[in-house]
Protein chains: 2
Amino acid sequence: MSKIRIAIAGYGNLGKGVELAIRQNPDTELVGVFTRRAPESVKLLTEGIPVYKLEDAKNYQDKVDVLIICGGSATDLPVQTPELAKYFNVIDSFDTHARIPEHFANVDKVARENNHLAMISLGWDPGLFSLNRVYAESILSNGKTYTFWGKGVSQGHSDAIRRVEGVKKGIQYTCPIESAIEAVRNGSQPELTTREKHERVCYVVAEEGADKAKIESEIKNMKNYFDEYNTTVNFISEEEFNQNHNTLPHGGFVIRSGKTGDGEQTNQTIEYSLKLGSNPEFTASVLVAYARALSRLKAEGATGCKTAFDVAPAYLSPLSPEELRAKML
Amino acid sequence: MSKIRIAIAGYGNLGKGVELAIRQNPDTELVGVFTRRAPESVKLLTEGIPVYKLEDAKNYQDKVDVLIICGGSATDLPVQTPELAKYFNVIDSFDTHARIPEHFANVDKVARENNHLAMISLGWDPGLFSLNRVYAESILSNGKTYTFWGKGVSQGHSDAIRRVEGVKKGIQYTCPIESAIEAVRNGSQPELTTREKHERVCYVVAEEGADKAKIESEIKNMKNYFDEYNTTVNFISEEEFNQNHNTLPHGGFVIRSGKTGDGEQTNQTIEYSLKLGSNPEFTASVLVAYARALSRLKAEGATGCKTAFDVAPAYLSPLSPEELRAKML
């Protein structure tokens with residue numbers, strides 16, 4: 001069988017992760033990287049893979065089965081995914097939850113018009129956490145679902161810190177509040193406010209002479225990012241920052257606490273959790289598994305846009321249906 | 001929209017659980033129960049639902065969208081599911097892992113010949129645990145998967161005990177070995193034998209005059225059930241049995257410990273766990289969610305046999321695709 005030919009658009013942390021995940025999946029191969037930078041300035045981890053200008057991507061349609069778009073959700077993906085769906089079957093990790101219906105509609109339209117298949121909002125949240133919410137709520141229809149994130153680096157919140165005047169370097173860890181998780185696990189179905197579920201811990205290297213009190217106050221009161229949380233801001237040296245804050249761990253928990261039985265008195269708990277040494281490497285691994293699913297669904301004739309909700313688990317696996325039933329069921 | 005008309009074949013713990021789960025899902029309704037007992041001797045929890053002889057089931061084909069078969073895996077389901085798939089769209093929870101391919105082939109053939117859709121081996125293991133294994137292994141292709149069960153009552157193993165000559169009552173608890181779970185969570189990817197992961201603890205009420213040594217030996221050496229485990233058999237009085245062993249808790253863990261990144265040095269852990277106050281009530285909740293999926297897939301023209309691997313998550317949910325994307329992604 002021929003390999004699934006994957007290209008990457010955007011070569012940051014996530015793009016590098018996709019490159020590495022392809023190495024772990026022998027039924028896939030990396031055929032090229034598209035970048036907005038000067039192609040000759042981009043050094044891949046893999047020898048012999050061509051780097052092209054993103055604007056020239058459409059010239060390589062025949063070489064690519066699936067294009068994994070690794071841009072940011074704020075400004076890149078809303079433009080790139082519909083545009084590139086004209087020429088390719090595409091996958092992205094669009095994660096602005098509130099704008100997913102709009103993004104879906106845009107991508108679905110273009111993909112259908114061009115007989116392509118697209119999959120959006122893949123990764124772990126949205127993605128694996130989302131589908132665990134759907135499975136758990138479909139099964140335990142009387143219950144409450146809780147999502148906790150962390151302990152881990154939120155790239156969106158770290159970016160937000162770095163935009164504050166006087167901040168040279170900054171990183172933000174989202175931390176779930178342990179007592180809240182325990183209350184959920186014991187079946188009490190507590191009502192928890194945003195502030196009761198997570199706290200935010202920031203490490204900041206200030207520019208020389210910057211007003212630290214002003215930085216701290218600006219971070220803590222930042223709308224949509226920090227204002228609804230208890231936030232701690234720690235000022236540290238650049239040395240300490242570089243030494244202790246150079247990886248991107250993350251993770252979290254989706255917990256469904258439900259009741260079943262006569263009188264709905266029986267506690268039932270479904271918990272899904274991730275402990276990730278590297279968020280972008282893990283997200284990339286999800287994207288590559290869905291690239292396999294995409295190539296199979298496309299071969300069956302599917303077009304338009306899909307999400308994790310629309311893809312049966314078997315499509316993700318390199319094993320055949322017979323092998324799956326014999327070994328995995 | 002009309003409700004999904006569900007019938008139950010076999011009214012034991014699982015059948016009762018299905019009856020109760022249907023109450024929690026307003027898009028479903030219970031239309032009848034089929035039993036091998038005298039119908040007039042079966043008292044349902046719900047008023048006004050007819051009880052019929054199982055052998056007459058085929059006379060009620062037009063009244064039923066999905067038949068959930070709640071027999072045991074050892075002897076009932078291998079016969080009942082293929083037979084009833086002649087007349088109905090069927091769901092079962094067949095859980096003898098080693099015989100799934102054979103059961104699948106038998107059910108698939110009959111269902112196709114009769115233009116019906118069947119789903120087998122649903123519940124949590126096989127079922128939710130299976131699909132978590134597939135998701136996790138597809139995403140973290142370099143890694144090891146571990147499944148731990150318990151602490152909880154295994155109905156299959158308890159049934160097996162009760163079939164041993166001289167056993168009046170019997171129950172079996174599967175217990176995961178805690179140190180093994182911790183070793184897995186810390187990313188060390190230990191090699192664990194079957195025996196190192198779980199032990200089996202049985203409580204038996206013997207018939208008067210039965211040969212206890214023979215019962216114990218027969219249980220401990222039973223192929224596919226006990227022979228690969230350290231098993232303890234405790235003989236207790238019927239009073240003690242009735243007082244302390246009258247609920248059916250269960251649960252367990254599926255943990256995938258994987259490595260990603262350059263040199264495959266990054267630890268990534270996916271963990272799925274269940275803590276179930278009642279195993280049959282939970283399994284029944286899974287079956288009813290898949291009954292919803294079955295009725296939708298059948299409406300799309302699907303026939304033959306499917307498992308949890310073949311069903312996209314969206315089919316399980318009462319929400320529309322638009323609602324799912326807006327609220328759950």
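Remember, predicted model here, so these are calculated numbers, not experimental data. Residue numbers begin at 1 in each chain, while the letters A, B, ... track the order of the sequences.
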Point to revise | Non-hydrogen side-chain atoms of A/M328 and B/F309 separated by less than 4.5 Å | key: yes
**Study point:** Leading residue by heavy atom contact count with chain B [cutoff under 4.5 Å; candidates A/Y315, A/Y272, A/Y135, A/F282]
**Key:** A/Y135
Exercise for review: Nearest 0.5 Å please: distance from the CD1 atom of A/I139 over to the OH atom of B/Y290.
Suggested key: 6.0 Å
Check your understanding: Does the A/E281 side chain pair with the main chain of B/T266, one donor and one acceptor, at a distance under 3.5 Å?
Key -> no
Point to revise | All ring pair (Phe, Tyr, Trp, His ring centres under 6.0 Å) counterparts of A/F148, not counting sequence neighbours | key: A/H198
Study note, to complete from the structure: If one checks every heavy atom of A/D95 against chain B at 4.5 Å, the contacting part turns out to be neither
Review point. Just by distance, do the side chain of A/K16 and the backbone of B/G261 share a donor-acceptor pair under 3.5 Å?
Key: no
Practice item. Report yes or no: does A/K275 contribute a side-chain atom to a donor-acceptor pair with the main-chain N or O of B/R185 at less than 3.5 Å? Key: yes
Exercise for review: Please lay out, stage by stage, how B/N132 and A/N132 fare under the test side-chain contact (heavy atoms from CB on, under 4.5 Å).
Suggested key: CA-CA 10 Å; B/N132 272 281; A/N132 273 281; 4.3 Å; yes
Check your understanding: So which of B/L45, B/N142, B/V254, B/L131 has the biggest tally of heavy-atom pairs under 4.5 Å with chain A?
Key -> B/L131
Exercise for review: Output the residues of residues 292-308 of chain B for which the shortest heavy-atom distance to chain A is under 4.5 Å, in residue-number order; output 'none' if no such residue exists.
Suggested key: B/R292, B/T307, B/A308
Review point. Rounded to the nearest 0.5 Å, what separation is found between the CG atom of B/L324 and the OG atom of A/S138?
Key: 7.5 Å
**Study point:** Distance (rounded to the nearest 0.5 Å) between B/Q268 CD and A/S285 OG
**Key:** 6.5 Å
Check your understanding: Going by the salt bridge (charged side-chain N to carboxylate O under 4.0 Å, His left out) test, which pairs reach into residues 136-147 of chain A, not counting sequence neighbours?
Key -> A/E137-A/R256, A/K144-A/E191
Point to revise | Pairwise distance CD(A/E19) to CG(B/D262) - rounded to 0.5 angstrom | key: 8.5 Å
Practice item. Drop me the distance from A/L128's CG to B/I270's CD1, to the nearest 0.5 angstrom. Key: 6.5 Å
Review point. In terms of heavy-atom proximity below 4.5 Å to chain B, should A/V286 be classed as side chain, backbone, both, or neither?
Key: both
Review point. What part of B/D310 lies closer than 4.5 angstrom to a heavy atom of chain A: side chain, backbone, both or neither?
Key: both
Exercise for review: Output the distance between atom OG1 (A/T269) and atom CG (B/L274), rounded to the nearest 0.5 Å.
Suggested key: 9.0 Å
N/O donor-acceptor pairs under 3.5 Å from side chains in residues 97-105 of chain A, not counting sequence neighbours:
{"from": "A/H97", "atom 1": "ND1", "to": "B/L329", "atom 2": "O", "distance (Å)": "3.4"}
{"from": "A/R99", "atom 1": "NH2", "to": "A/E102", "atom 2": "OE2", "distance (Å)": "3.3"}
{"from": "A/H103", "atom 1": "NE2", "to": "A/D92", "atom 2": "OD2", "distance (Å)": "2.8"}

Exercise for review: Go through the steps to decide whether B/S141 and A/Q24 satisfy the test side chain to side chain donor-acceptor pair (under 3.5 Å), and finish with yes or no.
Suggested key: CA-CA 6 Å; B/S141 46; A/Q24 295 188 302; 4.5 Å; no
Practice item. Tell me, out of A/P313, A/A289, A/G187, who's got the most heavy-atom pairs with chain B below 4.5 Å. Key: A/P313
Review point. Can B/E271 and A/S273 be said to form a side chain to side chain donor-acceptor pair (under 3.5 Å), step by step?
Key: CA-CA 5 Å; B/E271 178 167 339; A/S273 68; 4.6 Å; no
Practice item. Can you tell which part of A/L140 gets under 4.5 Å to a heavy atom of chain B, answering side chain, backbone, both or neither? Key: side chain
Practice item. Would you mind telling me which of A/E264, A/E322, A/K259, A/R23 has the largest number of heavy-atom pairs within less than 4.5 Å of chain B? Key: A/E264
